[in-house]
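The structure appears right after this line, and notes come after that.
Predicted, not measured: the structure shown is a model, and the values here were computed from it.
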Amino acid sequence: MKRFNLHSHSLFCDGKSSLEQMVCAAIEKGFHCFGFSAHAPVPFENNFALPIEDVQSYLDETHRLKEKYQSKIRLYTSMEFDYITDIAEDAKKRAEEMGLDYVLASVHQVKQRGKEGVWFIDGGKQEVWDKGLEACFGGDVRKAVECFYSQSIEMLQKVNPDVICHFDKVKMHNKERFFSEKDAWYKELVRTLLEQIKSQDCICELNTRGLYKGRSNDFFPSLVWIKEAAQIGIRMTISTDCHNASEVDLYFDEAVEALKQCGHRYVWYFDGQWQAEKLP
């Protein structure tokens with residue numbers, strides 16, 4: 001089957017390889033297509049997103065690489081928009097202005113409407129997750145997780161992205177310490193989000209990064225939700241969310257097998273438009 005990865009990060013944001021190194025790795029791995037998806041600029045100081053002053057350089061470089069390698073691989077330009085309540089930009093409008101091929105959207109920073117402070121649920125440090133939970137939600141994990149999922153639904157409604165990324169990443173640093181993924185209230189939150197994904201016909205990403213980085217013992221989303229996505233007819237794609245050229249295809253084959261075992265018959269990829277590839 002065709003191999004692809006539409007979620008990647010380079011030196012333009014928080015990645016460790018250049019865009020061209022990523023492309024060369026994808027070609028070496030026999031990819032049919034590959035997508036650039038820098039973290040879109042955010043309106044505050046940070047060390048992970050594409051600086052606003054570098055946007056044109058990023059777009060120019062992706063266009064250069066598209067032309068240089070057009071005989072070897074199909075390349076596409078995107079961004080991963082970080083939706084943050086109260087301060088998120090109009091991602092669809094910005095994507096159109098920049099001529100992006102498709103739009104990814106994610107929640108990495110959880111914010112209560114009208115209140116200061118954000119809970120950063122990503123990154124490699126569990127203590128940051130713990131401190132943010134206490135600082136922003138007084139340690140009330142249910143309130144915090146409910147906010148994460150309501151913000152995710154708000155993101156879908158306002159951004160209407162092509163792909164929602166790692167939609168249950170709030171579990172990553174929890175590791176069953178503060179809540180269980182088997183809790184009835186938690187399962188209800190996820191099912192409500194799945195219903196929204198389905199109603200908008202948004203594509204759901206199966207993200208392998210948590211597994212190969214050793215930060216999770218399951219994909220994002222968990223297998224149980226990949227199975228429910230199959231049952232209600234949600235389209236899925238596969239990405240490694242690579243931040244290094246060596247990560248472009250990590251756990252891709254395992255993800256294909258997981259989709260099959262969970263009842264999916266097709267996986268979706270972008271090649272000028274969204275297309276379905278039959279699973280082997």
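What you find for Q196 and S199 is that their closest heavy atoms are O-OG, 2.9 Å. Across all non-hydrogen atoms, the minimal contact from D122 to H173 is O-NE2, 3.8 Å. Scanning all heavy atoms of the two residues, the minimum distance from W119 to G132 falls at CD1-C, 3.3 Å.
The closest side-chain heavy-atom distance from L75 to C33 is not below 4.5 Å. Y251 is not listed as a side-chain neighbour of I238, based on a closest heavy-atom distance of 4.5 Å or more. Side chains of F4 and W268 form no contact here, defined as non-hydrogen atoms less than 4.5 Å apart. Two residues are said to be in side-chain contact when any heavy atoms from C-beta on lie closer than 4.5 Å; V107 and F167 fail this criterion. Using a 4.5 Å heavy-atom threshold, the side chains of F220 and M172 count as touching. No side-chain heavy atom of F81 sits under 4.5 Å from any side-chain heavy atom of P161.
A side-chain donor from one of N244 and S246 sits under 3.5 Å from a side-chain acceptor of the other. T77 and T62 share a side-chain donor-acceptor pair at under 3.5 Å. A side-chain donor-acceptor contact under 3.5 Å links S106 and E80. Between the side chains of Y266 and E277, no donor N or O sits under 3.5 Å from an acceptor N or O. In this structure, a donor-acceptor pair under 3.5 Å is present between the side chains of Y76 and D271. Between E205 and T237, the side chains place no donor N or O within less than 3.5 Å of an acceptor N or O (distance only, hydrogens not considered). No hydrogens or angles considered: a donor-acceptor pair under 3.5 Å links the side chains of N5 and T240.
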Stepwise ring-ring contact (aromatic ring centres under 6.0 Å, His included) test for H166 and H108: CA-CA 10 Å; H166 47 65; H108 300 96; 5.0 Å; yes

Report the C-alpha distance between Q151 and Y83 in whole Å, list the side-chain angles of each, state the deciding distance to 0.1 Å, and finish with yes or no for side chain to side chain donor-acceptor pair (under 3.5 Å). CA-CA 8 Å; Q151 186 171 318; Y83 186 83; over 6 Å; no

Start with the C-alpha gap between K66 and D101, add the side-chain angles, then the distance that decides, and say whether salt bridge (Lys or Arg N to Asp or Glu O under 4.0 Å) holds. CA-CA 12 Å; K66 286 180 180 182; D101 294 309; 2.9 Å; yes

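A donor-acceptor pair under 3.5 Å is absent between the side-chain atoms of E181 and the main chain of K187, judged by distance alone. Using a distance-only test at 3.5 Å, with no hydrogens or angles considered, no donor-acceptor pair links the side chain of D82 to the main chain of H39. One N or O on the side chain of Q70 and one on the backbone of E67 form a donor-acceptor pair closer than 3.5 Å. Between the side chain of T208 and the backbone N or O of F252 there is no donor-acceptor pair closer than 3.5 Å. Side-chain N or O atoms of S10 include none that pairs as donor or acceptor with a backbone N or O of G15 at under 3.5 Å. A donor-acceptor pair is defined here as one N or O able to donate and one able to accept, closer than 3.5 Å; such a pair exists between the side chain of S17 and the backbone of A245. Using modelled atom types, one side-chain atom of H264 and one backbone atom of I226 make a donor-acceptor pair closer than 3.5 Å.
Electrostatic pairing of R64 and E20 counts as a salt bridge here, judged by a charged N lying under 4.0 Å from a carboxylate O. Taking a cutoff of 4.0 Å between a charged side-chain nitrogen and a carboxylate oxygen, R235 and D162 do not qualify as a salt bridge. Taking a cutoff of 4.0 Å between a charged side-chain nitrogen and a carboxylate oxygen, E247 and R209 qualify as a salt bridge. Remark: E146 engages R142 in a salt bridge, criterion side-chain N to carboxylate O under 4.0 Å. Between K260 and E257, at least one side-chain nitrogen of the basic residue sits less than 4.0 Å from a carboxylate oxygen of the acidic one, meeting the salt-bridge criterion. The pair R94-E97 meets the salt-bridge criterion, with a side-chain N (NZ, NE, NH1 or NH2) lying under 4.0 Å from an Asp/Glu carboxylate O. Note on E116 versus K111: no salt bridge recorded, every NZ/NE/NH1/NH2 to OD/OE distance being 4.0 Å or above.
By the side-chain hydrogen bond (donor to acceptor under 3.5 Å, both in side chains) test, Q112 pairs with no residue at all, sequence neighbours left out.
Here SG of C262 is found 5.0 Å from CG of L223. Values are rounded to the nearest 0.5 Å. Here the straight-line distance linking atom CG of L19 with atom OG of S8 works out to 7.5 Å at 0.5 Å rounding.
Residues M155 and I121 fall within the same hydrophobic cluster, defined by Ile, Leu, Val, Met, Phe, Trp and Tyr side chains chained together at heavy-atom separations under 4.5 Å. A continuous path of ILVMFWY side-chain contacts below 4.5 Å connects Y58 to M22, so both sit in one hydrophobic cluster. Note: the hydrophobic cluster containing M79 also contains V103 (ILVMFWY, side chain heavy atoms under 4.5 Å, direct or indirect links).
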